[in-house]
Amino acid sequence: MEISNDLFEQAKKTIPGGVNSPVRAFRSVGGSPFFTKRADGAYLYTSDDQRLIDYVCTWGPAILGHNQPVIKEAISRALEQGTSFGTPNPYEVEMAELICELVPSVEKVRMCNSGTEATMSSIRLARGYTGRDKIIKFAGCYHGHVDSLLVKAGSGALTLGNPDSAGIPDSFARETIVLNYNDSESLKQTFANQGDQIAAVILEPYPANCGLIFPKNNFLQLAVDLCKENGSVSIFDEVMTGFRVSLGGVQEHVNIIPDMTALGKIIGGGLPVGAFGGRKEIMDHLAPLGPVYQAGTLSGNPLAMAAGIAALKMLQSTNPYKDLNCMGRKIKNSILQAAAEKGVALQVPQVGSMFAIFFNENPVENFDHAIRSDVDSFKKVFQYSIKNGVYIAPSAFETCFISTCHAGDPVDISSQVLGDAIKNL
Ligand SMILES: *Cc1c(COP(=O)(O)O)cnc(C)c1O
């Protein structure tokens, strides 16, 4: 497809880089980003009237497809009653009860406005609760643009080539210990050396911000157990995987229960929402009960809660996870088959409605493996696909998402296009 540059050129005059979030700028796949004027079901409609089958799904939230009628209806009903109250509202209670019911680790929950706020507040709470400063994170895991977590943080930073952002004091970064994902030995060693200083271990249970990586050798259980033994807080960042891999996230999928969980994306039904929750005993350290301050003028916003509740209830009643997994498999298999025919070495990690493509001869188990993938082939596949109406994530280090609206034609057509893209390499 042809992309007209006029709007992007105009945007660059008043918005840094023309975008409000860096990955949108298409730096890592070349060319200019398209602008979307409308989205419906599995499709994006660009400002120059192209229709694209969308595998970015607003970077995860749109699991029920774009412009979902039930969610829209819930927002309109809430809208009639006013947009923000600044007092507690009934939606907040319903949302909290729903999250506690669905997410195994969550006994109490606090709403916020983004995934970044959720992880930032989880870290502060873990520090306040333990009275310790150090945190462990893993290379390639992205936890939002929180100062102390923006170290070796995966796609956004990775594709721009500055993994450590300017503007973060060394003294902050020094409190963050970065280890390799799936490296059980170094995790054990770090706890053996300084376990009494570690406030928290934060991780993506399925890292999905440097492609898609899976834990091996019981890595998640080890992290949770080491935290328990050392009085540290285990935090699963399920902003991406929550309500995506299964209703209760990865923790339910693999039955490993952390102390705390950060949520975002799907939980807002397409509006800006985050949440963090966990064991009562920890959560009760938050103000106004406890000494850890955390707040938000628009937190628990009625429109956002109405949208999120509608999305979660719909996922609960329709339970689309098996169907989504079938679609994921179909796409994976057609990519693998095309690669076999063409003789191209690649990996297609896939779970449910998430998949990624690594042009790599070996399975990708950590960040170092991921960045050794062939980015050039990815760019070619991206460009071929978008020319043929299929929009996959515009970076070799992002995950693609499928929605319930992709069933039928969109998945069939995309499987064909992605296979052709590989054969065309
Ligand atoms: C997207 C994401 C975040 C940040 O959420 P925002 O709403 O963009 O602030 C944090 N953690 C993970 C795992 C994410 O995928």
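The first residue of the sequence shown is numbered 1, and numbering continues consecutively from there. In listed order, ligands and their atoms are each counted from 1. Worth knowing before you read on, the calculation uses all heavy atoms, side chains too, and leaves out hydrogens, waters and symmetry mates. Remember, it's a predicted structure, so these values are computed and weren't measured experimentally.
Counting heavy atoms from C-beta outward, Tyr206 and Val254 have side chains that approach closer than 4.5 Å. Tyr91 is listed as a side-chain neighbour of Ile309, based on a closest heavy-atom distance under 4.5 Å.
Between Lys265 and Glu238 there is no salt bridge, since no side-chain nitrogen of the basic residue lies less than 4.0 Å from a carboxylate oxygen of the acidic one. Arg279 has no carboxylate O lying under 4.0 Å from a charged side-chain N of Glu107, or vice versa, which leaves the two without a salt bridge. The residues Lys108 and Asp284 are annotated as salt-bridged, a charged nitrogen and a carboxylate oxygen being separated by less than 4.0 angstrom.
The shell of residues lying under 4.0 angstrom from ligand 1, judged by heavy atoms, includes Lys265.
Here atom 5 (O) of ligand 1 lies nearest to Gly115 when heavy atoms of Gly60, Gly115, Ala118, Cys141 are compared.
Distances below 4.0 Å separate heavy atoms of Asp237 from the following atoms of ligand 1: 10 (C), 11 (N), 12 (C), 13 (C). Atoms of ligand 1 found under 4.0 Å from any heavy atom of Met240 (numbered from 1 in listed order, with element): 15 (O). Close approach to Thr116 involves these atoms of ligand 1, each under 4.0 Å from a residue heavy atom: 4 (C), 5 (O), 6 (P), 9 (O). Ligand-side atoms of ligand 1 in range of Ser114: 7 (O), 9 (O), range being under 4.0 angstrom from any heavy atom. Distances below 4.0 Å separate heavy atoms of Glu204 from the following atoms of ligand 1: 13 (C). Atom numbering of ligand 1 starts at 1 in the shown order; those under 4.0 Å from a heavy atom of Tyr142 are 11 (N), 12 (C), 13 (C).
Rounding to the nearest 0.5 angstrom, the gap separating the CG atom in Leu336 from the CD1 atom in Ile331 is 12.0 Å.
With a 4.0 Å cut-off on non-hydrogen atoms, Thr241 does not touch ligand 1 at all.
Using cut-offs of 30° and 60° for the angle between ring planes, the Phe382 and Tyr391 rings count as perpendicular.
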